[in-house]
Amino acid sequence: NAGVTQTPKFQVLKTGQSMTLQCAQDMNHNSMYWYRQDPGMGLRLIYYSASEGTTDKGEVPNGYNVSRLNKREFSLRLESAAPSQTSVYFCASSQQGTNQPQHFGDGTRLSIL
Amino acid sequence: AQSVTQPDIHITVSEGASLELRCNYSYGATPYLFWYVQSPGQGLQLLLKYFSGDTLVQGIKGFEAEFKRSQSSFNLRKPSVHWSDAAEYFCAVGYNTNAGKSTFGDGTTLTVKP
């Protein structure tokens, strides 16, 4: 029972490099999310996808792009990485609806030098 | 706009002692409230949720939370803390009917003393 799977788990980039973080869920959830977690700042929503074929900006979308490839997969791309994007990135999924809890992956720890 | 405040950044309790983590929310409609736990190096795991009905909800790992509308609070409690409860705890309020979006508090880190 995999749940939400994120790859890679760790990555080090140089400033200006690009990278795509992958996320897949096997729970048949409609909604998927990308968050970043920084010390003392909780979770901040980068982008979300309410359903297959739709994506919307969250609280901190600048410097990121997303693709909802199909119902299972939701990727996050950094086109030109900056040190300020050093963070732990979490993917989550849920059924649609305000009362639905989210299910999280184990995160990608990204360092940008 | 909705918001969640967790007033305590860090709490330390002795093993076997009781625990209460505070959460206050701001939301104009009926709130859907959640508590999540995050162990080091892992993602968040749902502890419990409140939607309606009984204001005292039971969760996993012996946790419970009480919804108090008059105080806009949803505090998490455990009668006797175990060393394995050391983790970071997040309160969240669900909003937006088009997606299961939630706003998260900044978290409370729990340290358990032997």
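Being a predicted model, the structure only gives us computed values, none of them experimental. Numbers restart at 1 for each chain; the letters A, B, ... are given by sequence-line order, proteins then strands.
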Can you say whether [X] sits under 4.5 Å from chain A via the side chain, the backbone, both, or neither, judging by heavy atoms?
{"X": "Gln38(B)", "value": "side chain"}
{"X": "Tyr36(B)", "value": "side chain"}
{"X": "Glu88(B)", "value": "side chain"}
{"X": "Leu46(B)", "value": "side chain"}

Quiz item: Any chance CD1 of Ile60(B) has more than 12 other-residue heavy atoms, nucleotides or ligands included, within less than 6.0 Å?
Solution: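 Count over threshold, so yes.
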
ILVMFWY cluster, [X] and [Y] together (side-chain gap under 4.5 Å):
{"X": "Leu13(A)", "Y": "Phe90(A)", "result": "no"}
{"X": "Leu47(B)", "Y": "Phe74(B)", "result": "yes"}
{"X": "Phe63(B)", "Y": "Val81(B)", "result": "yes"}
{"X": "Trp34(A)", "Y": "Tyr48(A)", "result": "no"}
{"X": "Val4(B)", "Y": "Leu48(B)", "result": "yes"}

Exercise. To the nearest 0.5 angstrom, please state how far the NZ atom of Lys101(B) sits from the OH atom of Tyr33(A).
Key: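 Those atoms lie 8.5 Å apart.
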
Self-check item: Nearest-0.5 Å distance, CZ of residue Phe104(B) to CD of residue Gln37(A)
Solution: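 Separation between the atoms: 10.0 Å.
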
Practice problem: Sort Arg109(A) into side chain, backbone, both or neither according to what part of it lies under 4.5 angstrom from a heavy atom of chain B. | Solution: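 For Arg109(A), side-chain heavy atoms alone lie under 4.5 Å from chain B.
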
